[in-house]
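So that the names make sense, note that chain A is the first sequence line, chain B the second, and so on, each numbered from 1.
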There are 2 protein chains.
Amino acid sequence: MSSTHLSIGDLSRATGTKVETIRFYEKNGLLPQPGRTEGNYRAYEPAHLNRLSFIRRARDLGFSLDQVRALLTLSDDRSQSCAAVDVIARAHRDEVERKIKDLQSLKVVLDQVIESCHCNIVADCAIIESLAPTPEAS
Amino acid sequence: MSSTHLSIGDLSRATGTKVETIRFYEKNGLLPQPGRTEGNYRAYEPAHLNRLSFIRRARDLGFSLDQVRALLTLSDDRSQSCAAVDVIARAHRDEVERKIKDLQSLKVVLDQVIESCHCNIVADCAIIESLAPTPEAS
DNA sequence: GCTTGACCCTATAGCGACTATAGGGTGTAT
DNA sequence: ATACACCCTATAGTCGCTATAGGGTCAAGC
């Protein structure tokens, strides 16, 4: 492979992305199709590396692939208003915030449930009891 | 359907579980196969309703289906030590704790990224910039 | 020149936990 | 008789990969 072209393995090592994942991004329209060598190997330009790095950073920040796609499209048109970018980022942050709150209240319940168990056998287990709905009734 | 038997729709309404999900639980061995009516409709006993309620409560607490399966097996053998129940519950709580921490540090970064954007066009957008890796270099 | 081994290719199936769809049968009320 | 709610099975889709099968390519060493 020529000095300016990168193999899929090069991109993989440079970004810590599995080779299969890179092909997956290509198939799903996140990464443009690169040229090919005579032996049908993908031959990437530096621009591909930048784009893949962008994708990985956005994914690390928890953006969905749809959101990444939108961010990529926006970043390609650099004259556009960045209000749309802000909307996506804020929506994602709100979602993260919501998940934190959900998990925190979940943890409160789990703590209670675990704390309540001082027994030896399942028949008396407060954890199981807290799951089972009045097993004798209904 | 007789007075003591419940249709899948009855179970659905009683537990807030979609009909398809109930069939899914049956196919995946969480809910035992019920008897059938002459017209081949599922005919559930009250015990099925209890079991489904158990599954839904455990799922609401975020236990995986594998964990729910294990909890169900344990709760069926009521003479067993409940130490195994405790292990599952604690493992799940630890996982929830870890997720909360991960999301909290994620939110810190997202807050920074969003806060840093005071621009009008994408070319100057700090959010995009924080994702794009030195676009001119490399 | 031939083999070894690292790398690459495509196509397809699997994960978890459902959800949706297609294409039908059943049961009851009017 | 027919409309309608409800039920049935089987299969495919969701998300973001990951793994597998079954091959082809390329450089190095013998």
Side-chain angles (χ1 to χ4, degrees), chain A residues 1-3 5-31 33-44 48 52 54-72 91-92 95-96 99 102 106, chain B residues 1-3 5-31 33-44 48 52 54-72 91-92 95-96 99 102 106:
Chain A
M1 202 154 279
S2 98
S3 59
H5 288 120
L6 301 156
S7 74
I8 197 167
D10 293 335
L11 253 71
S12 172
R13 277 180 294 276
T15 62
T17 313
K18 295 203 174 179
V19 166
E20 296 84 358
T21 306
I22 298 176
R23 286 195 281 250
F24 169 81
Y25 288 156
E26 179 183 325
K27 202 170 55 177
N28 287 271
L30 285 137
L31 207 51
Q33 293 188 354
R36 296 286 179 134
T37 67
E38 289 192 355
N40 200 30
Y41 285 17
R42 286 170 179 81
Y44 292 101
H48 285 104
L52 180 55
F54 185 106
I55 296 169
R56 294 307 288 182
R57 294 201 192 188
R59 291 289 302 132
D60 282 349
L61 290 176
F63 288 97
S64 72
L65 288 191
D66 270 354
Q67 287 174 323
V68 175
R69 231 183 305 267
L71 289 172
L72 282 168
H92 178 46
E95 178 82 5
V96 169
K99 277 187 190 159
D102 282 359
L106 183 60
Chain B
M1 204 153 279
S2 97
S3 59
H5 288 121
L6 301 155
S7 73
I8 197 167
D10 293 336
L11 252 71
S12 172
R13 277 179 294 276
T15 62
T17 312
K18 294 202 174 180
V19 165
E20 296 85 358
T21 305
I22 299 175
R23 288 195 281 248
F24 168 80
Y25 288 156
E26 180 183 323
K27 202 170 54 178
N28 287 270
L30 286 136
L31 209 51
Q33 293 189 356
R36 297 284 180 136
T37 66
E38 290 192 354
N40 199 31
Y41 284 17
R42 287 171 179 81
Y44 293 101
H48 285 103
L52 180 56
F54 185 107
I55 295 168
R56 294 308 287 183
R57 293 202 194 187
R59 291 288 304 131
D60 282 349
L61 290 176
F63 288 97
S64 71
L65 287 192
D66 271 353
Q67 288 174 324
V68 174
R69 232 184 305 266
L71 289 172
L72 281 167
H92 178 46
E95 177 82 6
V96 169
K99 276 187 191 160
D102 282 359
L106 183 61

Enquirer: For Leu11(A), does its backbone N or O pair with a side-chain atom of His48(A) as donor and acceptor, under 3.5 Å?
Expert: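 Side chain of His48(A) to backbone of Leu11(A), a donor-acceptor pair under 3.5 Å: no, none is there.
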Enquirer: Is any NZ, NE, NH1 or NH2 atom of the basic residue among Asp102(A) and Lys99(A) found under 4.0 Å from an Asp or Glu carboxylate oxygen of the other?
Expert: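 Judged by the 4.0 Å cut-off on N to carboxylate O distance, Asp102(A) and Lys99(A) do not form a salt bridge.
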Enquirer: Considering every strand and a 4.0 Å limit on heavy-atom distances, what is the contact class for Arg23(B): base, sugar-phosphate, or nothing?
Expert: base
Enquirer: Please compare Lys27(B) and Val19(B) by the position of their nearest nucleotide in DNA chain D and report the one closer to 5'.
Expert: Val19(B)
Enquirer: Rounded to whole angstrom units, what separation is found between the OH atom of Tyr41(B) and the P atom of dG25(C)?
Expert: 12 Å
Enquirer: Does dA20(C) have OP1 or OP2 sitting under 4.0 Å from an N or O in the side chain of Lys18(B)?
Expert: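 Yes, such a contact exists.
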Enquirer: What I'd like to find out is whether the side chain of Leu65(B) reaches to under 4.5 Å of the side chain of Arg59(B), using heavy atoms alone.
Expert: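 Touching, per the 4.5 Å side-chain cut-off.
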Enquirer: Without decimals, in angstroms, what is the distance between Asn40(A) CG and dG24(D) P?
Expert: 13 Å
Enquirer: Could you check how far CG of Asp10(B) sits from C1' of dC7(D), rounded to whole Å?
Expert: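 About 12 Å, once rounded to whole Å.
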Enquirer: Hey, does the side chain of Ser12(B) reach the backbone of Thr17(B) with a donor-acceptor pair shorter than 3.5 angstrom?
Expert: yes
Enquirer: What nucleic acid atoms does Tyr25(B) come within less than 4.0 Å of, heavy atoms only: base, sugar-phosphate, or nothing?
Expert: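 Since only primed, P, OP1 and OP2 atoms lie under 4.0 Å of Tyr25(B), the category is sugar-phosphate.
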Enquirer: Write down the distance between CD (Gln67(A)) and C1' (dG16(D)), rounded to a whole number of angstrom.
Expert: 13 Å
Enquirer: Could you give the CZ-to-P distance, from Arg59(B) to dA17(C), as a whole number of Å?
Expert: 5 Å
Enquirer: Does dC8(D) have its OP1 or OP2 closer than 4.0 Å to a side-chain nitrogen or oxygen of Arg42(B)?
Expert: yes
Enquirer: Take atom CD of Gln33(A) and atom C1' of dC9(C), then tell me their distance rounded to the nearest Å.
Expert: 14 Å
Enquirer: Find the distance Ile22(A):CD1 to dC17(D):C1' and express it as a whole number of Å.
Expert: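 Distance, rounded to whole Å: 13 Å.
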Enquirer: For dT10(C), take OP1 and OP2 only and decide whether either is under 4.0 Å from a side-chain N or O of Arg36(A).
Expert: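 True: Arg36(A) side-chain N/O within range (under 4.0 Å) of dT10(C) OP1/OP2.
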Enquirer: Check whether any side-chain N or O of Ser7(B) sits under 4.0 Å from OP1 or OP2 of dC7(D), and answer yes or no.
Expert: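 Indeed, a polar side-chain atom of Ser7(B) lies that close.
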Enquirer: Within the side chain of Arg69(B), is there an N or O that forms a donor-acceptor pair under 3.5 Å with the backbone of Asn28(B)?
Expert: yes
Enquirer: Quick check: on DNA chain D, is the nucleotide nearest Gly9(B) upstream (toward 5') of the one nearest Asp66(A), or the reverse? Name the residue that is more 5'.
Expert: Gly9(B)
Enquirer: Would you mind reading off the distance between Glu38(B) atom CD and dC8(D) atom P, rounded to a whole angstrom?
Expert: 15 Å
Enquirer: In terms of side-chain heavy atoms of Arg13(B), which of dC18(C), dC6(D), dC7(C) is nearest?
Expert: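 Closest nucleotide to the Arg13(B) side chain: dC6(D).
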Enquirer: Between Thr21(A) and dT18(D), is there a side-chain N or O to OP1/OP2 distance below 4.0 Å?
Expert: yes
